[in-house]
S.K.: 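Next up is a structure, given as structure tokens.
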Amino acid sequence: MEPFSCDTFVALPPATVDNRIIFGKNSDRLCDEVQEVVYFPAAVHDNLGECLKCTYIEIDQVPETYAVVLSRPAWLWGAEMGANEHGVCIGNEAVWGREEVCDEEALLGMDLVRLGLERADTAEKALNVIVDLLEKYGQGGNCTEGRMVFSYHNSFLIADRNEAWILETAGKYWAAEKVQEGVRNISNQLSITTKIAREHPDMRNYAKRKGWWDGKKEFDFAAAYSYLDTAKMMTSSGRYCEGYKLLNKHKGNFII
């Protein structure tokens, strides 16, 4: 098999040299898909009556957006990864679980990456932007150009100069983990377990109603919302675990 990888990581002090924050992502998008690195300057939007056209749907515009550098498939509005003028970085990963993926056109996870970068000057504010938009507009739609249908939910790694957040979603439901030091990585699987700093207000009740959680034992987001024993999860689990081991092996020595 040819090697493939779609993973995102962050290293924060004391895992890095000279107290630096290091963010990285790779991608296994289609080999013939055009990728581009683009810059969009900061902007003031006076006419808020005009809607913003994302990849598939239009949403409300905001008064001001920040300058961003994005890495994205050329055919869509959003981005797989990027950074803004305030040092906020975001990367997303495709994830699947028990909650059914919606093929109906809504915001793509890649749209949410760009919107978080354009509208937030800290990592936690970017998280707020993404979950608010997720609640209002939902996520869904084909994530490839052409006739092949490929849809998924999303996880995000959001970092700034002080901290990082892992945000993992299942439809409109989500959980977030705060990372203040060390290393953290995400791949194509849900990875937040019991370390939950913020969450959708109905996330636990929904899992209980669906029979995914008994309401008694400690709540584990990945255990409740993930598939069980699927080949897809087993493959990404190996990649996630190998990334975790590699990051921890070099902890304290990360340098740009």
Side-chain angles (χ1 to χ4, degrees), residues 2-12 16 20-43 52-56 59 65-95 107-123 125-127 129-130 133-134 139 141-146 148 150-161 164-169 179 183-189 191 236 239-240 243 246-247 254 256:
E2 294 184 1
F4 67 95
S5 183
C6 191
D7 314 89
T8 308
F9 82 94
V10 67
L12 302 91
T16 59
R20 298 183 181 186
I21 308 290
I22 301 175
F23 173 94
K25 174 175 166 60
N26 53 27
S27 176
D28 60 357
R29 298 285 303 179
L30 299 174
C31 63
D32 59 350
E33 182 179 65
V34 177
Q35 300 284 322
E36 59 184 13
V37 177
V38 291
Y39 168 77
F40 294 99
L52 171 66
K53 178 67 168 67
C54 299
T55 302
Y56 293 125
I59 68 171
T65 51
Y66 300 125
V68 295
V69 175
L70 307 173
S71 175
R72 69 177 190 180
W75 63 272
L76 53 73
W77 182 86
E80 276 210 298
M81 66 194 95
N84 71 17
E85 61 182 287
H86 297 285
V88 179
C89 300
I90 308 178
N92 84 305
E93 300 289 337
V95 293
L107 288 174
L108 294 180
M110 291 174 280
D111 293 336
L112 291 166
V113 169
R114 178 172 174 177
L115 289 163
L117 291 170
E118 288 190 337
R119 299 182 177 195
D121 58 4
T122 70
K125 287 180 183 178
L127 184 150
V129 168
I130 291 173
L133 291 168
L134 187 63
Q139 61 178 323
N142 192 5
C143 298
T144 61
E145 184 181 28
M148 185 181 81
F150 183 51
S151 301
Y152 47 77
H153 296 147
N154 292 267
S155 67
F156 305 87
L157 199 163
I158 311 166
D160 61 24
R161 292 184 172 91
W165 287 84
I166 308 299
L167 170 63
E168 297 186 338
T169 71
V179 184
V183 295
R184 185 65 160 85
N185 62 304
I186 59 174
S187 296
N188 299 119
Q189 68 174 90
S191 63
S236 60
R239 187 152 41 82
Y240 168 77
L246 188 62
L247 287 170
F254 285 96
I256 298 176

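Remember, predicted model here, so these are calculated numbers, not experimental data. All residue numbers in this chain count up from 1 along the given sequence.
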S.K.: Return the NZ to CG distance between K125 and D160, rounded to the nearest 0.5 Å.
M.R.: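 It comes to 10.5 Å.
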S.K.: Aromatic rings Y56 and W75: how do their planes relate, parallel, tilted or perpendicular, breaks at 30° and 60°?
M.R.: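 Rings of Y56 and W75: tilted, 30 to 60°.
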S.K.: Rounded to the nearest 0.5 Å, what separates atom CD in E168 from atom CG in L157?
M.R.: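 It is 9.5 Å, given to the nearest 0.5 Å.
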S.K.: When you measure from the side chain of N84 to the backbone of A67, do you find a donor-acceptor pair of N or O atoms at a distance under 3.5 Å?
M.R.: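 Judged by distance alone, no pair lies under 3.5 Å.
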S.K.: Using 0.5 Å steps for rounding, measure from the CD atom of E80 to the CZ atom of R72.
M.R.: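 Output value for this atom pair is 12.5 Å.
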S.K.: Using 0.5 Å steps for rounding, measure from the OG1 atom of T8 to the CD1 atom of I90.
M.R.: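 Reported to 0.5 Å precision, the distance equals 11.0 Å.
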S.K.: Does a donor on one side chain sit under 3.5 Å from an acceptor on the other, for T55 and D111?
M.R.: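 D111 and T55 do have a side-chain donor-acceptor pair below 3.5 Å.
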S.K.: Checking I130 against T169 for the side chain to side chain contact (heavy atoms under 4.5 Å, CB included) test, could you report, in this order, the C-alpha distance in whole Å, the side-chain angles of both residues, the deciding distance, and whether it holds?
M.R.: CA-CA 10 Å; I130 291 173; T169 71; 5.9 Å; no
S.K.: For the backbone of D7 and the side chain of N26, can you confirm whether one donor and one acceptor N or O come within less than 3.5 Å of each other?
M.R.: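 Yes.
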S.K.: Is any side-chain heavy atom of K25 closer than 4.5 Å to one of E93?
M.R.: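 Side-chain contact under 4.5 Å: yes.
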S.K.: Hydrogens and angles aside, do S5 and D28 bring a side-chain donor and acceptor to less than 3.5 Å of each other?
M.R.: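 Not at all, the side chains of S5 and D28 share no donor-acceptor pair under 3.5 Å.
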S.K.: Is there a side-chain contact between V88 and L117 (heavy atoms, below 4.5 Å)?
M.R.: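 Yes - at least one pair of side-chain heavy atoms lies under 4.5 Å apart.
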S.K.: Go through R114 and C54 one step at a time and tell me if the side chain to side chain contact (heavy atoms under 4.5 Å, CB included) criterion holds.
M.R.: CA-CA 10 Å; R114 178 172 174 177; C54 299; over 6 Å; no
S.K.: Does CZ belonging to R161 count more than 12 external heavy atoms closer than 6.0 Å?
M.R.: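 Open: at most 12 neighbouring heavy atoms sit under 6.0 Å from CZ of R161.
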S.K.: List the atom of V129, the atom of A120, and the distance in Å for their closest heavy-atom pair.
M.R.: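 For V129 versus A120, the nearest heavy atoms are CG2-CB, 4.3 Å.
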S.K.: Would F156 and I186 count as a side chain to side chain contact (heavy atoms under 4.5 Å, CB included) here? Give the steps.
M.R.: CA-CA 8 Å; F156 305 87; I186 59 174; 5.7 Å; no
S.K.: Between CE of M81 and SG of C89, what distance do you get to the nearest 0.5 Å?
M.R.: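 If I round to the nearest 0.5 Å, the distance is 11.0 Å.
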S.K.: What I'd like to find out is whether the side chain of R239 reaches to under 4.5 Å of the side chain of C6, using heavy atoms alone.
M.R.: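 Result yes, sub-4.5 Å side-chain heavy-atom pair found.
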S.K.: Do any N or O atoms from the side chain of S155 and from the backbone of L167 form a donor-acceptor pair under 3.5 angstrom?
M.R.: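 No: the side chain of S155 does not pair with the backbone of L167.
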S.K.: Between L108, L107, L52, which is the residue that forms a side-chain contact (heavy atoms from CB on, under 4.5 Å) with W77?
M.R.: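 It is L52, the one option of L108, L107, L52 that forms the side-chain contact (heavy atoms from CB on, under 4.5 Å) with W77.
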S.K.: Output the distance between atom OG (S27) and atom CG (N92), rounded to the nearest 0.5 Å.
M.R.: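 So the OG of S27 and the CG of N92 are separated by 8.5 Å.
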S.K.: Might you work through the side chain to side chain contact (heavy atoms under 4.5 Å, CB included) test for V183 and F9, ending with a clear yes or no?
M.R.: CA-CA 7 Å; V183 295; F9 82 94; over 6 Å; no
